[in-house]
Structure formats: structure tokens, C-alpha cells
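One structure is given below, encoded as C-alpha cells.
Atoms within a ligand are numbered from 1 in the order they appear, just like the ligands themselves.
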Amino acid sequence: MSEQTIALVTGANKGIGFEIAAGLGALGWSVGVGARDDERRESAVEKLRSAGADAFGVPLDVTDDASVAAAARLIEERAGRLDVLVNNAAITGGMPQTPTTVDPGTMRATVETNVIGVIRVTNAMLPLLRRSASPRIVNMSSSVGSLTRQTAPGAETGPISAAYAPSKTFLNAVTVQYAKELSDTNILINAGCPGFCATDLNGFRGVRTPEQGAAIAIKLATLPDDGPTGGFFDDAGPIPW
Ligand SMILES: NC(=O)c1ccc[n+]([C@@H]2O[C@H](COP(=O)([O-])OP(=O)(O)OC[C@H]3O[C@@H](n4cnc5c(N)ncnc54)[C@H](OP(=O)(O)O)[C@@H]3O)[C@@H](O)[C@H]2O)c1
């Protein structure tokens, strides 16, 4: 098996995921660019390779069992193990999204991608992660999933969101449960918030660059063996649940 660190980033064809892949590639890692659209994936891989990264394409729709299983097979055949999984792919479900009017289909689709998608990919990759000397799982969450922040008087909490913000609260809760189950292993799993970044997700209204947003994922992907697990962090440190 190669000594080169092997990572997979979901939703890596654009936005913060692309920059996470670029950042991990710049460390000399071999980076799987998980993306569901063939053209978008191949153009991202091409761009990363021209910048010197050892990137490879991984066809991956996080909502599709067969696609996720095939992605795990691809990585097993290519590398025999996985060191770092970054669960970055997500959707907002579309705005506005008020609890009193939200379509149940929007709720289902958002949870399917942002929560169940993470569980589906993580569980498919776990056998490969268990073969790593220092496995790391990073779940890209959002501070809008922090109930403490959502309920803090006068705090800037983003738009009312019936599906997206609660999906990140759900993801945070799931991250804690994984950390509990995996506490007697060498796997560190944490949630990270990139801050408000200009990407397709928010019509490019964010005030940070996707590259700045990628920094927390790269930090959590490169934690030392005695690093935290079951936490929720942004660039400034721990975020309250
Ligand atoms: N931008 C922000 O301000 C912000 C703030 C807090 C948290 N975040 C989180 O950061 C992460 C990245 O967001 P972003 O702003 O970079 O969003 P983005 O530009 O919209 O990118 C989202 C990525 O997820 C992919 N994706 C969506 N559904 C998928 C599926 N079923 N299977 C595989 N890939 C799928 C998209 O692929 P397609 O191109 O095929 O759609 C795209 O590559 C997300 O988890 C988001 O919730 C973002």
C-alpha cells in the first residue's frame, strides 16, 4: 500500500469542496474528487492536476447507495485504504424555506443529502478508513446548525430555514454519536463550519472566499493523533452546539 495519504472529498467539483481538495492536494496527498456529474468532476480533476495536485475522479452521488458502494470499490482498488474522508456535499433545499410553508419533499431531500448522505458515505468508507494509521472524518456543517447561536438574543443567525439549518443540527448530533461509537478506535470525527463563503449555495453572497472556508476542513483533516473528536469547530475554535 502507498505511503501517500489518501483522501476523499465529497462535492469537490466546486465551491468549498474544490478548495478542500486543492488544499489537501497541496500537502502532497492523493485526493479523490467526489462528484456526481461527469463533466463537472473531470473539469475539476483537470484543474487540480494542472495546479500540481495528485487528484483523481470519484463518481459519487451521496444519495445513491449503488454510487456510494462503487466509490468505495474504486478507492479500494486504487489505494487499498482511505486516510481522510471529508463529507462536504450538501444542498440548501432552496430558499425561502419557512417551517409553516415548507414542502415535505424539500425536508426529505435536504436530510437525504446533508445527513443520510453523510452516514451512507461514512459507513461505506469505514472499512477502508479502519486500515489507515490515522483516520480522520470531517463533516462540513454550519454554525446555523448551532441551536445555541440560533437562540442567542440579537445574534446574526441567517435566514429562517426549515430544512437546511436543522439538517446541520442533525448532522452535528450524528457526528457526536459516531464519535461515541468510535471512541475506542484511532478514528477522529469532527464537524466544521467554513463561515459565510461566496459559493453557489448562497448565490455568492458570502463574505469569505471558498479557500478561506476550506481552512477548517484542512485543519480537521490533519489533526494529530491526540486531537479532538466529536467536536464542532470553526477557524476561531469550538462552536457551541
Ligand atoms: N458557503 C457557505 O457560506 C457555507 C456556510 C456554512 C456551511 N457550508 C457548508 O459547506 C459545504 C460546501 O458548501 P458550498 O458553499 O461549497 O456549496 P456549493 O458550492 O453549492 O457546493 C456543494 C457541492 O455539493 C455537491 N452535491 C450536492 N448534492 C450532492 C449529491 N447528492 N451527491 C454528490 N455531491 C452533491 C455539489 O455538486 P453539484 O455541482 O453536482 O451540484 C457541489 O459540488 C456544505 O456542506 C455547506 O453546507 C457552506
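- Between the side chains of Ser134 and Asp225, a donor-acceptor pair is found at a separation under 3.5 Å.
- The contact shell of ligand 1, taken as protein residues with any non-hydrogen atom closer than 4.0 angstrom, comprises Gly11, Asn13, Lys14, Gly15, Ile16, Arg36, Arg40, Leu60, Asp61, Val62, Thr63, Asn88, Ala89, Ala90, Ile91, Thr113, Met140, Ser141, Ser142, Tyr164, Lys168, Pro194, Gly195, Phe196, Cys197, Thr199, Asp200, Leu201, Asn202.
- For Asp38, the side chain to side chain contact (heavy atoms under 4.5 Å, CB included) partners are Arg41, not counting sequence neighbours.
- Using a 3.5 Å distance cut-off with no hydrogens or angles, the side chains of Thr101 and Thr98 do pair a donor with an acceptor.
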For a quick test of your reading: what N or O donor-acceptor pairs under 3.5 Å do the side chains of residues 154-165 make, sequence neighbours left out?
{"residue": "Glu156", "atom": "OE2", "partner": "Gly158", "partner atom": "N", "Å": "3.1"}
{"residue": "Ser161", "atom": "OG", "partner": "Gln97", "partner atom": "OE1", "Å": "3.2"}
{"residue": "Ser161", "atom": "OG", "partner": "Tyr164", "partner atom": "N", "Å": "3.3"}
{"residue": "Ser161", "atom": "OG", "partner": "Ala165", "partner atom": "N", "Å": "2.8"}

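- With salt bridges taken as basic N to acidic carboxylate O contacts below 4.0 Å, one links Arg120 and Glu112.
- Screening residues 91-102 for salt bridge (charged side-chain N to carboxylate O under 4.0 Å, His left out), with sequence neighbours left out, gives no hits.
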